[in-house]
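Computed from a prediction, not measured in an experiment: that's the story for all the values here. These numbers come from the heavy atoms of this one structure, side chains and all, not from hydrogens, waters or symmetry mates.
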Amino acid sequence: MKPSVSSAANTLLCQLSDPEPDYRPLPFWSWNDKLDPDELRRQIHLMKQSGVGGYFMHARSGLKTDYLSPDWFDCIRTGIEAGDAEGLQPWVYDEEGWPSGFAGGKVNARGDWTYARGLRLRFLDDPAEAVQDDTLLGVYPLPQGSAAPYAECTQSACPYYIDILNEEVVRVFLETTHEEYARRFVLDNTAGLRGFFTDEPRLSEGPIPWSPILPDEFKARYGYDILPVLPALYLPYGDYRAVRHDFWALVNELFVHAYMEQIFNWCEAHNCRLTGHMMMEESLYAQMTGTGGVMPFYEYMHQPGVDSLRRAINDPRIPKQVGSVAEQLGKPHVLSESFAMTGWDMRFNEMQWIAGWQFVNGVNRICQHLQGYSLAGMRKRDYPPSLSYQQSWYGEYHRFNDSLARLGKLLSTGHKIVDVLLIHPMHSAWVSYDGTNNDELQQLDAQFVRACELLGGAHIDYHLGDETLLARHGSLNADGTLQVGKCRYTAVVVPDCLTLDRKTVELLAGFAKGGRPLVKLGRWPQLCAGRPDAALAALGTQAAAADDIAALRKVLAPALTAPVSIAADGAEAADIACCTVDTPAGVRALYLVNLSKTDGRTLTVTLPGEVCISHLPMDTLTPAPLPCIQADGVTRCTLSVLPMENLVLLAEPGRCALTPPAPQKRLAVSPDGWRLTALDDNLLTLDSCEYRLDGGEWQGPKNILHLMKELLALQRPCDIALRYRFVCGDLRGCERLALVMEQPAQFAVTVNGTPLSFADEGYYKDISFRKCSIRHLVRSGENTLMLSACFRQRQQVYDVLFGKNVYETELNKLTYDMELEALYLLGDFGVYSATGYTPGPNGSLHTDGPFTLGPCSAALDAGCLTTQGLPFFAGRAVLEKTIVCGPDAADTVLDLGAPHAGLVQAAVNGGAAQTFLWPPYCLHDAGLRPGENTLTVTLYASNRNMLGPHHHSKGEPLSVGPSSWTGEFSWVERESEAVVITPEMRKQNFWQDGWNFVPFGL
C-alpha cells in the first residue's frame, strides 16, 4: 500500500514529473570532424530521447568543416531547425576552441593593436641595460636592500589572443562572430538560436596584464599616473598596497565592461541569452591570474556559469560564487560545465555526487562535457568521457537527465533560505598579489576556504558578498538588515582579510549599529581600499569572533529563520552539505549531499516546529515518509546516507505518528553460480606495433601514440608500414571476428599477407570506427595485420606544434590531417592474459599480458568478468542465476552488492526489470516466490577498458586528458586548478608498461 501524499506534495510531484527544457541539461555537442547534416539530425534525435534540454554547438579540435564558413553556417541551420523540431534548445558556442574572444584568429588578424599584452619586470644593475624599443614602459631606481639597484618594466604581446581590456577589440569579436549569426538566423529566447556560450575569456599574457589604454584610464579614474609606480605591482615599492588595489579594481572593471557587459548588452538587444564561464574560478591566486575576480562578471550573464573538472569535488566557493550572484540578482538558472576529465569509466553515482556538490551550493543546471560528434583520432582522448550514443547505456541515459532536471527545477523555482552573507576576500588578494602565489596570498586563500567550510559544516547556508557588487547593489533596510539585490541578510561574516572597500565599510558600520550579528573569522582588516583606516579598525572591535562550528552556530543562532541541525555521533556532520528551499507548492525541501566518497553516515536531522518528513527520490518521485519524534518545538528523524549519496527531504506542518517499518529480510546475491546468457561482441585493443619508415629497417614494437609523436617530430611526409600482431588459440566456436579501424581508406591493409578489401559493414560504437569481417583470414597461432600509407600533415600543424611561444588558442583548435590509432578486433571470443591480474591503484587491475583469443565461457564467477576473458569489453552482458527462497519470499529484498558497471538492470522470473543508476542495488517487491526463482541481471560496461588509458601509472587516473594516454605530464595531473605547476612537476612521467583495466561485474 502506497503512503498517502498531501495535496501540496502532490502538486510538487506534478510540477517535477516532466521538467521543461529550461531545466534540463544542456551538453556541449563537440563538432569535431567533417560535419554531415544527416548525421547532425540523427544525433539530435538521439539527444531528444536521452532527456537533455538542448545543446551547445561547439567548434572543437578535430573540426574539418571550416569555422564560420558557408558550410559551417549551413550546419548551424540544420542544428537550429532540427532542434526546434524536436523541442530542444539550440545554442552556439562562440569560439573555435577556447578561450573565447579571438574568433578562430580572425580578430588578431586585424593587427597588433588587438594583441593581448602583459606587464613584465626585469631587474637591472645599470639603467643602460634596459631595452631600447617601444616595449619599454619605464626604468626605476629601487630602494636599498632590493634584489637589484634598478628595474625595468616592459610590455609583452601575444599575437594569438586579444587585448580583452579594450572594448574596441572585443567589438571586433562581436562583429566577426555574433553579428554573423544574427545576419543569418532568428535569435530568440523561445525559438531559433537561443543564445551563446562564452568560454574562459581571460587575462592571458604573463602574471600581470597590460593594455595601451591603461595609463589614460588609470589617470582619469584616480588622478595620478600609473607609469611612475609600476614596480609596485611586483614589489613592495612605495605605497604598493594602494597602487595594487587601484590597478586591479580598474583592470577588473575594464575586463567586465569591455567583454562581458558589452556582449551581454548585445544579446539583450538581439533578444537572446548569454551563458558560459570564466577562466580560473578557483583559488584567489587562480582568479588573479585569470580575471582579477570572477563574481562581477556573473551580473552580465543571463545564465551565469562555472565549470567543474576532474572526478572529484572541491571546496564550496566555486559554485557558491556563481550561485550567490545569481540569487542576489534574480537569475533563475546557474549552469555548470561538468564531468570533463573524469574518464571513460565515470559512473552515474559519481556524476550525481559531482552535480550534487554543485547543486547544494547554488548551481541548478548541468552542461555535460561533452557529447562527441565523432571519436576519431585524438577526439576520443579529448578530456573524456563522451556522454553520447557511443555509450552502451545511452538508451537509459534519460533516467539520469530526468533526475538532474527535477532536482534543478526543485532548487531553482523555490525560495532558498539564506540568512548569512560571507564577505569575499578577493580585494584583499588584489593588495597581496605580486605576480606569484606568495605566502600571504596562500594564507588568505586557506582562511577563506576554512570560513566557507565552517559555515557549511555548521549547516548554516550563506551567500558570498563580492565587494564590487556590494557597491552596486548593497543597501541597508529600515530594520537594519543588509540587502544585496533581491536577497536580505540578517548576519554578516568577515573572513581573514587585509582590506575592505569604502562602500563595504559603510554598509558594515550601519549593519553593526543596528545590532545585527557581525562576525569575524580571522584577522580583521586594517586597510580601506589598500590604505590605513582607523574607522575600519575600530569597527573590528564590534565584531564577534568565532573559531569553530559550535561557536558559529551559537553566535549566528539568533539570526537564522529556519535553523537546521544534521548531526552524527553527537556533533554536526561537517561532511554533509545542505540547503533549504521553500517550494512554490508550499512544501519545504531540505537537500542533503554526502560529500564523502568513501563513508556512509547515520544522521539525526532536526527541523524547527512540528513537521512530517518524507524522502523524495528524484529518479522515481515516490515519496517515503520517515519516522519522526516531535518534542520541545522541534522534529527529529534518523536516516542513513551512503557514500556520495544525495537526498531530498520534504517537510510539511503536521503531527507525525509513524513508527519504524518492520525490517525486511535481505538476501545477498553471491557472485558464483551465474550463467552467461547473452553477450555483446567482445574486443581486443591493439595499441602497439612494429613499424618501418621510408622502407627502412623494422623497429619496435612501440605504442602507436608514441610513434605518431615521433613521426610528427620529423616535420615532413614519410612512408610508413605498421605491423600489428595478435595470437589466437582455439577459434572453432568463433563465428564473428571483425577488424575495427579508423580512416580505412587512408591505408592499404593486409591480414596474414593477404590484401584486405575493406568491405565496410557499418560502425562500431562511433561513426568513425568502421568494421570489416576478417574471420576467414585469421588462423590459430600468431596473426599479423599490416597497414601502409604515407603519413603527412599540413605545414600549419607543424607550425602549431613546434612554433615558438604558440598560445593555447592554436592548440585548442588543432586538427590533424592523418592520425595513427589503435586497432580493435571485435567478435564472439574471449581474451586471456598469460600473466594474470593483480590489483592496481584506484581500484584498477594490472596485467603484463600478452593476450590470446579463445572461446568465451558461459559459466562465470560474476564478481569480475574483466579477468575472465573480457578485459577490453565495452558492451552489455546478461547473466542468470537460480535463487532459492523460503516461505517469506514476497518480503525478501535481493541485494546485488556493489556492481562494477555503468548501469545495472535486474528482473526476477521474467518480470519487469528494475534499473539502477547508483546504490543501493536492491530489488524490492521483485516478485520472488517460495522455492526456485530466476534472477536476470544485465550489466552495461563503460568504454574505459576499450579506449583506455591503459598504461598510466595511476592505474585508473581520476583526472584524464590527452596526455594520460602517453604518460607525459600535463596540467590535468594537478589535483585542481589551484595547484601551481612547478618545474619538478613537469619532469614527471606516468607511463607504465603492461595494461591497466577497471573491474566489470557484480
Side-chain angles (χ1 to χ4, degrees), residues 99 101-103 105-143 146-173 201-222 224-238 240 243-244 246-248 250-251 254-255 258-259 288-290 292 433-436 799-800 802-811:
F102 68 111
K106 292 178 172 58
V107 176
N108 315 69
R110 296 288 187 95
D112 60 4
W113 70 277
T114 67
Y115 293 173
R117 296 182 185 270
L119 176 68
R120 307 286 180 162
L121 181 141
R122 182 170 69 110
F123 291 115
L124 306 174
D125 290 323
D126 190 316
E129 299 172 3
V131 299
Q132 301 298 316
D133 57 34
D134 60 4
T135 66
L136 183 66
L137 296 172
V139 178
Y140 306 88
L142 298 181
S146 299
Y150 299 92
E152 69 168 12
C153 287
T154 57
Q155 57 176 314
S156 58
C158 172
Y160 300 106
Y161 196 53
I162 65 168
D163 181 356
I164 209 156
L165 305 183
N166 188 333
E167 65 178 320
E168 297 301 321
V169 176
V170 177
R171 188 168 296 126
V172 175
F173 173 56
R202 66 167 302 174
L203 306 169
S204 59
E205 177 57 9
I208 293 180
W210 188 252
S211 171
I213 71 171
L214 272 172
D216 289 343
E217 293 285 347
F218 194 94
K219 181 65 177 294
R221 169 71 60 83
Y222 301 112
Y224 69 98
D225 292 326
I226 184 64
L227 291 176
V229 293
L230 282 180
L233 302 176
Y234 277 102
L235 306 170
Y237 181 88
Y240 69 98
V243 172
R244 291 177 186 177
D246 294 347
F247 176 83
W248 283 105
L250 177 61
V251 165
L254 288 175
F255 188 176
Y259 192 88
M288 291 303 303
T289 65
Y433 181 66
D434 60 3
T436 71
D799 292 343
V800 171
F802 303 105
K804 185 179 180 181
N805 297 325
V806 175
Y807 190 56
E808 68 166 320
T809 50
E810 304 307 297
L811 293 168

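Residues satisfying the side chain to side chain contact (heavy atoms under 4.5 Å, CB included) criterion with P207, sequence neighbours excluded, are R120, Y234, Y433. Partners of D134 under the side chain to side chain contact (heavy atoms under 4.5 Å, CB included) rule, at least two apart in sequence or in another chain, do not exist in this structure. Every side chain to side chain contact (heavy atoms under 4.5 Å, CB included) that P236 has, sequence neighbours left out, goes to Y240. Contacts of P127 classified as side chain to side chain contact (heavy atoms under 4.5 Å, CB included), with partners at least two apart in sequence or in another chain: V139, Y150. Legend: residues meeting salt bridge (Lys or Arg N to Asp or Glu O under 4.0 Å) with K106, ordered by chain and number and at least two apart, are absent. Taking Y224 as the reference, F218 meet the ring-ring contact (aromatic ring centres under 6.0 Å, His included) condition, with sequence neighbours excluded.
Using bins of under 30°, 30° to 60° and over 60° for the plane-to-plane angle, the ring pair F102/Y161 lands in the perpendicular bin.
Listed for the E152 side chain is a donor-acceptor partner under 3.5 Å among the backbone atoms of V131. A side-chain donor-acceptor contact under 3.5 Å links Q132 to the backbone of A130. One N or O on the side chain of Y222 and one on the backbone of D246 form a donor-acceptor pair closer than 3.5 Å. Checking side-chain atoms of D225 against main-chain N and O of L227 turns up no donor-acceptor pair under 3.5 Å.
In this structure, I164 and V169 have side chains that are not in contact, with every pair of non-hydrogen atoms separated by 4.5 Å or more. When side chains are defined from C-beta on, L233 counts as touching R244, because their heavy atoms get closer than 4.5 Å.
In this structure, N166 and A258 approach most closely via the heavy-atom pair C-CB, 3.9 Å.
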side-chain contact (heavy atoms from CB on, under 4.5 Å) evaluation trace for T114 with V172: CA-CA 9 Å; T114 67; V172 175; 5.6 Å; no
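Residues D163 and S211 have side chains that bring a donor and an acceptor to within less than 3.5 angstrom of each other.
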